[in-house]
Amino acid sequence: FMAESAKLLAPDKKVLIPRVDAGCPMADMATAIELKKYKEANPDTVIVSYVNTTAEVKALTDVCVTSSNAEIIIKDYIGQKLLYLPDQNLGAYLKDKFDLDMDLWPGFCYVHNRFNLKDVMNVKHANPNAELLVHPEMKLEIVKQADFVGSTKALLEYVQSSSAAEFIIGTEVGIIHQMKKSCPDKKFIEINEDFYCRNMKKTKLEHLYNSLLNEETEIVLPDDIMINARKSLDKMFEILER
């Protein structure tokens with residue numbers, strides 16, 4: 001989905017993807033066929049899609065959001081009937097925070113959805129001086145226990161600026177490496193070391209090298225998808241630039 005998004009934003013440039021099987025399982029949980037059926041049954045509903053969606057789904061979407069800007073974008077649609085897809089957890093967070101009239105697509109990040117409240121609270125009780133930081137793709141009951149909620153980038157920026165010395169990290173564990181490099185004097189606690197995205201880890205250095213060397217696996221999208229999917233991204237940027 002990120003390679004496709006890059007192509008949508010730079011249609012005249014060549015976009016390569018080192019491994020086509022290193023996709024996002026959550027993005028695959030929302031298909032264009034299913035979304036078309038929903039739109040036919042709910043013609044007046046505004047479709048809000050996470051960036052973690054295929055280009056075909058974006059082509060049926062009114063506005064796209066990221067975990068960093070979702071709260072900003074969604075404020076523009078308060079009072080309207082909405083559908084948020086594909087992540088029901090991030091959607092539930094937005095719906096609860098802004099009291100939205102919003103349907104939630106039954107999709108999720110398989111990493112974030114594995115966290116459960118009991119395990120989180122056990123780690124929190126074992127580390128009473130640590131702040132709990134979570135990604136909004138976590139279940140709402142866990143998000144409500146957090147000291148800070150934000151995107152991966154926001155979590156990293158938070159630990160850099162916070163005066164706290166210990167943090168429980170409620171997201172994909174890969175970010176902890178960057179946190180330790182950025183703040184070697186602080187302590188970062190995993191809720192479960194096995195909670196990592198296996199798909200993101202599929203791409204190795206040799207795959208990147210071969211892709212660049214041979215210019216293999218170029219992202220090519222049909223013209224109609226390029227035109228319609230780009231509209232949802234343009235709408236997102238339009239709102240952000242106001």
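Remember, it's a predicted structure, so these values are computed and weren't measured experimentally. These values consider heavy atoms only, across backbone and side chains, with no hydrogens, waters or symmetry-generated copies. In this chain, numbering begins with 1 at the start of the sequence shown.
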E216 and S211: side chain donor to acceptor below 3.5 Å = no
How about T61 and S232: does a side-chain donor come under 3.5 Å of a side-chain acceptor?
-> no
Can any side-chain N or O of [X] pair as donor or acceptor with the backbone N or O of [Y] at less than 3.5 Å?
X: S182; Y: M179; result: no
X: K58; Y: S5; result: no
X: K202; Y: A22; result: no
X: H207; Y: T203; result: no
X: N127; Y: V123; result: yes
X: W105; Y: S49; result: no
X: N42; Y: K39; result: no
X: K180; Y: P184; result: no
X: D96; Y: A92; result: no
X: N89; Y: E137; result: yes

Less than 4.0 angstrom from a charged side-chain N to a carboxylate O is my criterion; do [X] and [Y] meet it?
X: D62; Y: K231; answer: no
X: K37; Y: E34; answer: no
X: K75; Y: E71; answer: no
X: D147; Y: K124; answer: yes
X: R19; Y: E206; answer: no

Side-chain heavy atoms of [X] within contact of [Y], under 4.5 Å:
X: M200; Y: C24; answer: no
X: I169; Y: I189; answer: no
X: L133; Y: I168; answer: no
X: M236; Y: T66; answer: yes
X: P18; Y: K204; answer: no
X: D101; Y: Q80; answer: no
X: V46; Y: L83; answer: no
X: D103; Y: Y38; answer: yes

Step by step, work out the salt bridge (Lys or Arg N to Asp or Glu O under 4.0 Å) result for R242 and E238.
-> CA-CA 7 Å; R242 288 177 188 166; E238 175 194 322; 3.3 Å; yes
When you group the ILVMFWY residues by side-chain heavy-atom contacts below 4.5 Å and let the links chain together, are [Y] and [X] in the same group?
X: V51; Y: V149; answer: yes
X: I191; Y: I142; answer: yes
X: I227; Y: F1; answer: no
X: I73; Y: V57; answer: no
X: L100; Y: V65; answer: yes

Taking atom [atom1] as the centre, does [X] end up with more than 12 heavy-atom neighbours from other residues, nucleotides or ligands that are less than 6.0 angstrom away?
X: L213; atom1: CG; answer: yes
X: F98; atom1: CZ; answer: yes
X: K13; atom1: NZ; answer: no
X: K81; atom1: NZ; answer: yes
X: D223; atom1: CG; answer: no

How close do [X] and [Y] get, counting heavy atoms only, and between which atoms?
X: F188; Y: I176; result: CB-CG2, 4.0 Å
X: Q145; Y: L117; result: CG-CD1, 3.8 Å
X: A55; Y: A229; result: O-CB, 3.5 Å
X: V20; Y: T217; result: CG1-CG2, 2.9 Å
X: Y84; Y: G91; result: CD2-CA, 3.6 Å
X: V134; Y: V143; result: CG2-CA, 4.0 Å

Just how far is it from atom [atom1] of [X] to atom [atom2] of [Y], taken to the nearest 0.5 Å?
X: I47; Y: T53; atom1: CD1; atom2: OG1; answer: 12.0 Å
X: C64; Y: Y50; atom1: SG; atom2: OH; answer: 10.0 Å
X: I17; Y: I219; atom1: CD1; atom2: CD1; answer: 5.0 Å
X: M26; Y: F108; atom1: CE; atom2: CZ; answer: 10.0 Å
X: R230; Y: L221; atom1: CZ; atom2: CG; answer: 12.5 Å
X: F115; Y: E172; atom1: CZ; atom2: CD; answer: 8.5 Å

Should H112 and T171 be marked as a side chain to side chain donor-acceptor pair (under 3.5 Å) after you check the CA-CA gap, both sets of side-chain angles, and the distance that decides it?
-> CA-CA 6 Å; H112 289 101; T171 190; 2.7 Å; yes
Output, in order, the C-alpha distance, side-chain angles, deciding distance and verdict of salt bridge (Lys or Arg N to Asp or Glu O under 4.0 Å) for K186 and E166.
-> CA-CA 6 Å; K186 296 182 179 181; E166 299 180 17; over 6 Å; no
Output all residues satisfying ring pair (Phe, Tyr, Trp, His ring centres under 6.0 Å) with F148, sequence neighbours left out; order by chain, then residue number.
-> Y158
